[in-house]
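Below is one structure, written out as structure tokens; comments come after it.
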Amino acid sequence: MTSSPPRASDLPAKDQIRLLSGYDVWHTESVPGAPGVRLADGPHGLRVQPGDSDHLGLAASQPATCFPPAVTLASSWDADLVSEVGAAIAVEARGLGVGVVLGPGLNIKRHPLCGRNFEYFSEDPLVSGVLAAAMVEGIQATGEVGACPKHFAVNNQEYHRFVSDVIVDERTLRELYLTGFERVIKQAHPWAVMTAYNLVNGQPCSAHGHLLGEILRHEWEYDGLVMSDWGATTQRPAGVAAGMDLEMPASSGLYDDQLAAAVADGTLATEAVAACAQRVIDLSAKVKARPSGTPSGAPEVPHAAHDALARKAAAAGTVLLQNDGLLPLPPDLSIGLIGAFAQSPRYQGTGSSQVNPFKVTTAHEAFADHPGGVHFAAGYNSAQAIPDASLIAEAVAVAEQVDVCVVLVGLPGTYESEGFDRELLDLPQQHNDLVHAVAAANPRTVVALSNGSPVLMPWRSKVAAILESYLGGQASGGALYDVITGAAEPGGRLAETFPASLEQVAANPWFPGAPHQVQYREGLFVGYRHHTTAGLEPLFAFGHGLSYATFEWGPLSLSSTTITPGDPVRAGVQVTNTSTRPGSEVVQVYLHDQTGVVLRPRRILAGWAKLHLAPGESKQCEVELDPRAFAFYDVRADTWATPSGKFTIEAARSSIDIASTAELEITGGVETSTEPPSVNAIAASDADFGRRLGREIPQARHTRPFTVDSTLGEIRRTFVGGLLVKAVESQNPVDVEADDAASQLMLERSLRELPLRAVAIFSQGKIKLPALNLIVKLLNGNYSGIAKWMMARGKPDLSI
Ligand code: BGC
């Protein structure tokens, strides 16, 4: 018989503190009546390790369905579909004894070169928030499995992600980086939230009084569990005071003494510890699936149905960027299927979200029975960087003898991954050379891209059609065939801007910043917000995507033309499918703030509707506009405010393709802002950025003196640091199942950027806080205390 959950405050202090750190890499601690909970990545399919074998959590995982990652799901602009995928992940979670799924990831795509953009939804907070909320609702629909949106907050790059301090002004923080999280919390009530590795304005996210205590817990009234990202904890007493309940993974009691001492000396309230412990217990009480095995009544995983859903989602997220009419292909045409990705597809990203799919359908397999015949050529060798003339010649020979070519190119795994950022927007040279050569031999060429973030397309004007397939998950090959032949329509619209160059990215001069600091001087001007304000022509605009069907839009009407702040208002548009094919359309509604009260981007997405229309069908779509989109964060008044005055509402096919407009007047809002005198949109000068921050720009942390935040890369050249790095490397973490080049690269980079405090966490109790502090002293050439230490404890054990 199971006992009922205890009240945390009734537990001995030691047990309360024990609950605040994991049991191991993937489980929470237990107390009688509150069994441990299994946590598992991740955002587009499960990564559960059999036996939970290695302490870094990198071992191969059990087979699961690999759905398309967030970048692809987001391009569907279809909340129902995203929710359906979430529900399917929850079914698999139950079967594998997983109580909380570590996803979705909803960080804003501040820069197209962030290596982890494939795991995030969009550059726009409304798209990110709505779709992440849909995913959470899907996962939690049956009330048996919880979701854990991540990474809270402002985690927008991989470079030095463990230690980078994001310097961002409060208005930008609220309007761009927190808005999506706020929606998820308030709408979908996730059971857990994961904090980010980085710091924000000098404080680590895992101990952030403002982000966690004031905003998440107090303003948003979040009472679910907050856990750290893996190895991110520091300043634990401050974390507990802020409501950061659970440190993951287990650190073998690294911070237990510190927490007990803080309680004893009164700097940490016993109630704060009890409240965090209570939330660990509450989570345990909610979870139905247990690690001990498949619970009775857990549904069988319907593998075939999940594979079909993965295939449907991949097609729905495929964006038809360009089409001269060649697509969809009639069945009798012969196809030259070109590109090594057809046989070894790139369908998901590397890192913690990497799923071990129970089945993969390659394009080579999916195209095999094409009635018109198919001829394959590899065109490039994925494992090498330079073009191979003989492979290109073979591809050209195929191109010359077929009716049409489908060329699969994109970014290899070593170009984008968790753990490191991309360096350029370009595709590999050999991929560009291949497209040029094939298109020259056969202009009836379709390029199908597999990548997790925007790329340049120097061959754009030479090819007949371009499909942005993104990373399609395990069924990507089948989805591509469906889309090419018209069995499915490419339902996607870009949820991010494809810039024409890096110079068009406002954040570019400050990306990725210094190792310990990155300044968000571009403020609100991220993605289309910048392009539309600065009048830049992107390669492909946010919201863009073609269809095989054709649509006619009626004029835009508003449910009211004068409102007061917060009043609901709907934008209506009649859309008719004028073609003989079924198709989907995305009606995007932007606003243009004409009030002049504060500096605003030219265009802000306020809502959208995804419509599925049969041939000839007409639908009146009603888009509820998000009141928050009208508001700005008034920094001096420390609250949201809606300006009074005129707004133009724009119904659009993309952020640059406006179909019709209507005027709206807001009365009773604020007439003037109390925000600091307007600075230029991009705060390029120190004076402007300081003014926007409302304080002096903080100095980036110097490498010396060393602290617990110093990275292995920084200390390795010192004598003591060299010894420590050797000790870490001798454990060979880089070899753990990192049998592919991208994983190797990720691990090498992560190791170099790992701060000493995280080394202590991952040391499984071998480095305790006093030893960590001693190491820092030694690194700084301060040998006093070492003799005392050795007498008291014997030689410090540096092996981890
Ligand atoms: C990632 C998280 C992930 C965790 C556990 C971290 O490195 O940033 O997104 O959930 O590892 O694998």
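Starting from 1, each residue takes its place in the sequence as its number. One-based numbering, in listed order, for ligands and for the atoms of each.
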Would you kindly specify which portion of M248 sits under 4.0 Å from ligand 1, judged on non-hydrogen atoms: side chain, backbone, both or neither?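 Under 4.0 Å from ligand 1, M248 contributes no heavy atoms.
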Can you list the atoms of ligand 1 that are under 4.0 Å from a heavy atom of [X]?
X	value
Y197	6 (C), 7 (O), 8 (O)
R47	12 (O)
K150	2 (C), 3 (C), 9 (O), 10 (O)

Quick check: closest heavy atoms across G22 and A250, and the distance to 0.1 Å?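 Looks like O-CB, 3.0 Å.
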I'd like to know if the side chain of D282 pairs up with that of Q278 as donor and acceptor (distance under 3.5 Å, no hydrogens or angles considered). yes
Can you confirm whether the side chains of H160 and Y197 place a donor and an acceptor under 3.5 Å from each other?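 Short answer, no.
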Measure up the H210 and H208 rings against each other and bin them: parallel (under 30°), tilted (30 to 60°), perpendicular (over 60°).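 Taking H208 first and then H210, their aromatic rings sit tilted (interplane angle of 30° to 60°).
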Considering only heavy atoms, which of D229, V101, N107, V25 lies nearest to atom 4 (C) of ligand 1?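 Ranked by closest heavy atom to atom 4 (C) of ligand 1, first place is D229.
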Does [X] reach ligand 1, in the sense of a heavy atom lying below 4.0 Å from it?
X	value
W26	yes
E418	yes
R116	yes

Can R422 and E158 be counted as an ion pair, charged N to O under 4.0 angstrom? no
Within 45 degrees of the axis of the six-membered ring of Y520 and under 6.0 Å from its centre: does R110 put its NZ or CZ there? yes
Among residues two or more places apart or on two chains, list those pairs meeting salt bridge (Lys or Arg N to Asp or Glu O under 4.0 Å) that have a residue in residues 82-93. E84-K312
Is there a nitrogen or oxygen of E119 sitting under 3.5 Å from a nitrogen or oxygen of ligand 1? no
